[in-house]
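Here the structure is laid out as C-alpha cells; the discussion comes afterwards.
Ligands are counted one by one from 1 in listed order, and the atoms in each one are counted from 1 as well. All figures in this text were calculated on a predicted structure; none of them were measured in a lab.
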Amino acid sequence: MTNPRQLLDAYAVQPKKGLGQNFLFDPNTLQKIVDCARLQKSDTVLEIGPGTGGMTALLARQAAQVIAVELDERLQPILAHEFASYRNVEFYWGDILEVDLAELVGNRPYKVVANLPYYITSAILRKLLESVPRPQTLTVTVQKEVAERVIAQPDNMSLLSVSVQFYGKPHIVAKVKSAVFWPKPDVDSAVLHIEVYDTPPVDVPDEDTFFKMARAGFSQKRKQIKNSLAGGLGLSNEVVTTLLNTARIDGTRRAETMRLEEWAALTRAYKNEGY
Ligand code: SAM
C-alpha cells in the first residue's frame, strides 16, 4: 500500500486532529498489530477508522471478510481507488458510535481490529462490549495510558477497568512508538487484546444494576466506598452499612481497591434488599 502521507497529498486531504487522524505508516508495525489479532482465514473483521487503508489491506489478506467503518468521507475516493480490486472489503461511511452493529455484521461472529481514534476510545470500547452481537476479540491500538488503565488490578481500578474486565480479559500485547504515526501524536500507544467472555466472570442478577453500583462507587474520587455509595445511590448510611456487611466489604475502603467479585456481591446484596 502507498504511504498514507503520499496518498493524502495526492488527494489534497489534510489530516484532521479532531478526528484522531494519526496514520500508521510503518508496514512492520501494522503487520505486528494484525498478527496480535491471531486471525483465521474464515474470520469476519470489523475495522474502525480504516483511514487510507494500510491496515485494511493486511486484514483483507488474513480474513474472509473485512467491514470497515470510516467517518471521514474525504477518504472515500482514496479507498475506492486503492481497494477497487478487493472482493472481501466493504466500507461503511458513518460514525461507529451511531452504527447499528447488528445491522452491520448480521449474526456472524466477528473480531475487531483497529487503530482507534483516541478521542473516543472509551466510548468505542463501551459500545462494542455492551452491544449485541459482541465481538469475539478486540485487538485495538490505544493510548498507552488508557491501555494501562484498562488492564489495572485492584488498588488501581477505575470504572473503565471494571467495565472492560466484566466483559473480557484484556492484555497489553505490544507497545507502539509515536514515531510510526504521521502526524506524530504526543503520546505513545499500546495494543490491547481483549478476549470477550461468553458469560460474565462474576455472578450478577443483572448487568444494569452491576454498573449502577460501580458508577455510584466511582462517583466521588478517593472517598470511602460507604460515602460514595450513599451519595451515588441516594441511600441512607444505615442501608449502605447493611449492604456492605452482607457483601463482606469494609466500608472505609476506596472503589479503586475493589475486585469485580466484590462489586457483584454488592449488587446481589442490593437486589436482595428489594431494590
Ligand atoms: N487505520 C488507519 C491507520 O492505521 O493508519 C487510521 C487510524 S486513525 C488513528 C483513526 C481513524 O478513525 C481515522 O481514519 C478517522 O477518520 C477515523 N474516525 C474518527 N472518528 C471516527 C468515528 N466516530 N467513526 C469511524 N471512524 C472514525
Straight-line distance of Gln143 CD to Asp186 CG, nearest 0.5 Å: 9.5 Å
Ring centers of Phe181, Phe25 separated by less than 6.0 Å: no
Near ligand 1, at a heavy-atom separation below 4.0 Å: residues by chain and residue number: Leu19, Gly20, Gln21, Asn22, Phe23, Leu24, Glu47, Gly49, Pro50, Gly51, Val69, Glu70, Leu71, Asp72, Gly94, Asp95, Ile96, Asn115, Leu116, Pro117, Tyr119, Ile120
Ring pair (Phe, Tyr, Trp, His ring centres under 6.0 Å) involving Phe218 - partner list, sequence neighbours excluded: Trp263
Glu90 side chain to Gln65 side chain, donor-acceptor N/O pair below 3.5 angstrom: yes
Pairs satisfying salt bridge (Lys or Arg N to Asp or Glu O under 4.0 Å), at least one member in residues 67-76, at least two apart: Asp72-Arg74
Partner residues of Lys111 under the salt bridge (charged side-chain N to carboxylate O under 4.0 Å, His left out) criterion, sequence neighbours left out: Asp43
